[in-house]
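Have a look at the structure below before the remarks.
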Amino acid sequence: MAGANIKSGIATDTYAKERYWLLLPSWAVLLIFIVVPVAIMMVYSFLTKEFRGGVIWEFSMAAYDQFFFDRGLFGDEPAKIEWTYLNIYWRSIWQAGLATIFSLAIGFPTAYFIATRDAKVRPIWVFLITIPYWVNLLIRTVSMKFLLRDNGPLNSFLQMLEVIEEPLHIINTNLAVQLGLFYSYLPFMVLPIYAAIERYNFSLSEAAADLYASKWQTLRYVILPTVKPGVIAGCILVFVPSMGAFLAPDLLGGAKNFMIGSLIEEQFKGNAGNWPFGAAASMILLTMVLIILMVFSRQQSKAQEA
Amino acid sequence: MKTMLKSITAAVALSVAADAAMAQEEVVVYHWFEYLPQSLIDKFTAETGIKVTMDTYDSNEAMLANLKAGAMGTYDVAVPGDYMVDIMVGEGMLDTIAAGELSNMGNIEDKWVNVSFDDGRKHSIPYQWGSTSFAVNKDVHPGNVHNTDLLFNPPASLSGKINMLDSQGDVMALAALHMGIPQCSNDRAQLKALNAMLQGAKQHWASFNSDTTKDLLVSGDAAVSMIWNGYSAKARAEGANIEYAYPEQGFLVWMDNVVLLKDAPNRANALKFMDFLLVPENIAQVSNYAQYAAGVKNVGPLLGEELRTSPESNPRDGAPAAFVQACDAQTQVVYDQIWTNLKK
Amino acid sequence: MATKNFDLRSYKGFRFLTILCLVILYAPLVIVTIYSFNDSKSITIWEGFSFRWYIDMFSGPESAKFKLAAWNSFVIAIAAATIATTIATLSATSLVRGGMFRTRTLSLGLISLPLMVPEIVTAVATLIFFNTIGFDRGLLTIVIAHIVFCIPFAYLPIAARMQGIEDSYEQAAQDLYASKFQTFTKILMPLMMPGIISGFLLAFIVSLDDFIITNFVKGAGVETLPTAIFGSVKQGIKPNIMAISTALLAVSVMFVTLSYFVSKSEQKD
């Protein structure tokens, strides 16, 4: 996503002769340690699982077969669609989607409010929003777990205010995971929307007001379409990492709320020990993410042309 | 700015140097969590000058998976349960301890020398042994606890408040005991029935967790949890009003063993570490800490009163005990499938 | 005019939602910070203010483990951030000062790749990679993995800074027969310093924060602070964890603030 944000400022050709040498280290590191590994991972997803963990270097579609088809307890029944993993992926999309909607509902007004402050104090507001992002994600998730416990501070507080009598049971539910994801990635929603609104020309709002548009109509029909790329960027920045998240479902969701991240982790670190299947599940996640990003960058370049 | 760069360079150089200085004698132990008291580690280091580096796991299967995932050759010893020793021998992951290499070999209790999973103790020494069953909160369920129905066919008062160990071997073996069928049976009808029974039981379960069982019982978040006997005793000591069950259908016994891993980077130190754990005074410290029994002679008098008399370490008469068995490849595939079905 | 503008721009409730947003972002952190000063073994009951868990951090039963983990985290972050910043500076020079060329867009895409691939996928791919080539997991594998995802974080502020520097100084230097290398080290680098420091600090924090990838590629007995905290939290949140978390939180906030002021000085000159 950074690629889309790297704007062209002052660019010269002082170092045109050396440009390939200067690029060599980054190409070498990134090719060897991320492109090649992803390629090997793809190969692994087509290998045969060894009896107790590990792989045998023989071609097999077993991992993808296990993902999509159910052949019964003994593997000899006619293939039916296997819903287990599709459900996990669907649940992850659903959870990430809800987290995105929460973030948008709070993030858009926040971004708008900040962007309409005095230019001098804006950086301070932005800084306040950014700080939590730089605090360790694990610590933030643990804090959330501490806050949401049955006899944790949130419940004590609400009971003290006599809003509730019995403690709310939030931890180990889907809601806890959604809250955790929402909380983890909220700054990602605010920043790109803020950048878009900051560039918005408010004389458009004035023009709309002159044409007797109400303020909310102006927001809906004038502002929102103009800042749409920023909103989409924010949604993607929240949605994509939420989908593959591991910490929030693991620490806040309990074992019943398995998401893609936990499923993959279990193949390598947990009981399952099925590497080809873990590689296949990763490939499927990666494909989904790349499709989303491609659609997004298409739209972005269309928006730029228009 | 130059000073900044210089100080960064200096810091890197310093850290590399410090790393080299830290390269003293060590032994790398791959162990269960909360199972080796720090005081004993300190004692070992004080006696031998060998530093103990430890990593932890929460199930035999997770340990095996990580070792097969390229971690062999980086650890010296691990502490697998009985059936896992069997599996690791079969996988060729264990080194052989030659006669005379351990001077305290004679300290092993006779009944733990010729064991089914390592006849004559060629690869392992006893660490601790105990049982796996479940503990029940007496406030929620005041009645009889000694029945596996409480896990697999619970009354309404317990439904939704049950935590299972996240360990395939233990859950499947206890389920087989509950149904009265042999473990690792390859009879299709029995496997189907086992799958159906577990599918029915699953709706009553709240979670799969091995490392938080004590916490869940103490906090009251779970009313029933599968648990190891020593951990159950610890939970009771921390204030949980629970009773540990010795079900009439049977409970699981296990022995954890210190094994010498193949390609151990510090083999000599590993042997010293194993010898150290065969000294009654040392292993008694583990027993008093973890609340399990040792497999070493003359440990009895060194144990705390609490441990000797606790209900968790004194099985109820008439409750049969069984070891978890390692299944063959064909059955294991079906077991894996049943386990996956449970986690859906 | 000003009042009219203000009216047009402001929407009812947006101020409230902004405050709510900040409350949500900060409440968990503030509460953990408060409870880290709790003089109680239990995490639930408040028994008065005390520093006991901060003292425990240095002398308690788990202090050796966490001290070693903190040291590892620090060494890894310094090494990864230094190398990533160097690589990012060279790349930025090529991409911002190297003119237009065919592989430029591709290079930009490659540099941002670690941000696009989900973390868990990078973790799996890196684990499989090291396993396939038979590279033993340890401190070094963590450093390598961290360099990869630190590069884009270091690159962004560096490139942004370079785009803001007129090349007239460099041209002047070259007119005075300075070599290209001299121009780079004596002119461009000093001008670039705020961007480079900012990039280094960001890379440092990102490395310090990482859990998922570290958890996959760490070797026997090598723990970083996040993996050690995670291992401990799995068995329930304990008060010493809250003190350690608060300390780490303070370090992160300190570094971000530092980075913020460095980049602010960038805007001034």
Side-chain angles (χ1 to χ4, degrees), chain A residues 1-3 6 9-16 19 22-23 25-26 29-30 33-34 36-38 40-41 44 106 109-110 112-113 116 127-128 131-132 134-140 142-144 146-147 151 153 183 186 202 205-206 209 215 244 246 261 264 268 278-279 282 285-286 289 293, chain C residues 8-9 14-15 17-18 21-22 25 28-29 31-32 44 87 90-91 93-94 96-99 101 107-116 118 120-121 124-126 128-129 132 144 147-148 151-152 156 159 163-164 167 170 205 209 211-212 226 229-230 233 237 245 248-249 252-253 256 260:
Chain A
M1 239 105 24
I6 297 169
I10 296 163
T12 64
D13 54 3
T14 320
Y15 296 94
R19 62 193 177 198
L22 291 168
L23 270 180
S26 62
V29 168
L30 292 167
F33 295 115
I34 190 159
V36 170
V38 168
I40 296 180
M41 182 179 81
Y44 254 71
I106 296 251
T110 306
Y112 185 91
F113 181 78
T116 51
F127 183 56
L128 278 176
I131 286 186
W134 294 112
V135 171
N136 199 308
L137 181 60
L138 173 65
I139 289 180
R140 284 189 289 150
V142 170
S143 307
M144 201 66 176
F146 178 72
L147 185 70
N151 41 16
Y183 170 59
L186 181 56
F202 275 94
S205 292
E206 277 169 40
K215 269 183 5 182
F246 168 71
I264 294 174
F268 294 90
S282 303
L285 172 63
L286 184 60
V289 168
L293 291 178
Chain C
L8 260 180
R9 288 180 176 206
F14 276 21
R15 177 188 294 269
L17 286 172
T18 307
C21 177
L22 288 174
L25 285 176
L29 303 179
I31 284 169
V32 163
T44 326
I87 293 175
L90 297 178
S91 307
T93 312
S94 168
V96 182
R97 288 282 195 266
F101 51 102
S107 304
L108 280 172
L110 190 65
I111 287 172
S112 49
L113 195 62
L115 297 178
M116 295 193 279
I120 187 96
V121 176
V124 165
T126 315
I128 290 178
F129 172 72
T132 308
I144 292 173
I147 292 171
V148 171
I151 290 177
L156 289 174
Q163 280 159 356
D167 70 338
E170 291 154 77
I205 309 173
D209 277 4
F211 167 73
I212 296 179
I229 293 174
F230 182 80
V233 166
I237 303 176
S245 300
L248 192 53
L249 197 152
S252 300
V253 172
V256 182
Y260 173 72

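Throughout, a chain's letter reflects where its sequence line sits, starting with A, and its residues are numbered from 1.
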Specify the closest pair of heavy atoms between C/L29 and A/R140, including all atoms of both residues, with the distance to one decimal.
CD2-CG, 3.8 Å
For C/F230, is it the side chain, the backbone, both or neither that has a heavy atom under 4.5 Å from a heavy atom of chain A?
both
When rounded to the nearest 0.5 angstrom, what distance separates CG in C/L108 from OG in A/S26?
10.0 Å
Does any heavy atom of chain C fall under 4.5 Å from the side chain of A/Y183, the backbone, both, or neither of them?
both
Quick one: what part of C/L17 sits under 4.5 Å from any heavy atom of chain A, side chain, backbone, both or neither?
both
Contact part of C/L25 toward chain A, heavy-atom cut-off under 4.5 Å: side chain, backbone, both or neither?
both
Using a cut-off of under 4.5 Å on heavy-atom pairs, state which of C/L90, C/T93, C/V253 scores highest against chain A.
C/L90
Whatever's closer than 4.5 Å to a heavy atom in chain C on A/L128 counts as both
Counting only heavy atoms closer than 4.5 Å, note whether A/V142 contacts chain C via side chain, backbone, both or neither.
both
At their closest point, which heavy atom of A/V29 faces which heavy atom of C/I87, and how far apart are they?
CG2-CD1, 3.7 Å
Kindly give the heavy-atom pair with the smallest separation between A/L138 and C/P226, and that separation in Å.
CD2-O, 3.0 Å
What heavy-atom pair brings C/I31 and A/F146 nearest, and what distance separates the two atoms?
CG2-CE2, 3.6 Å
Interchain contact, C/L110 with chain A, by part (heavy-atom threshold 4.5 Å):
both
Could you label the plane-to-plane angle of the C/F14 and A/Y112 rings as parallel, tilted or perpendicular, counting under 30° as parallel and over 60° as perpendicular?
perpendicular
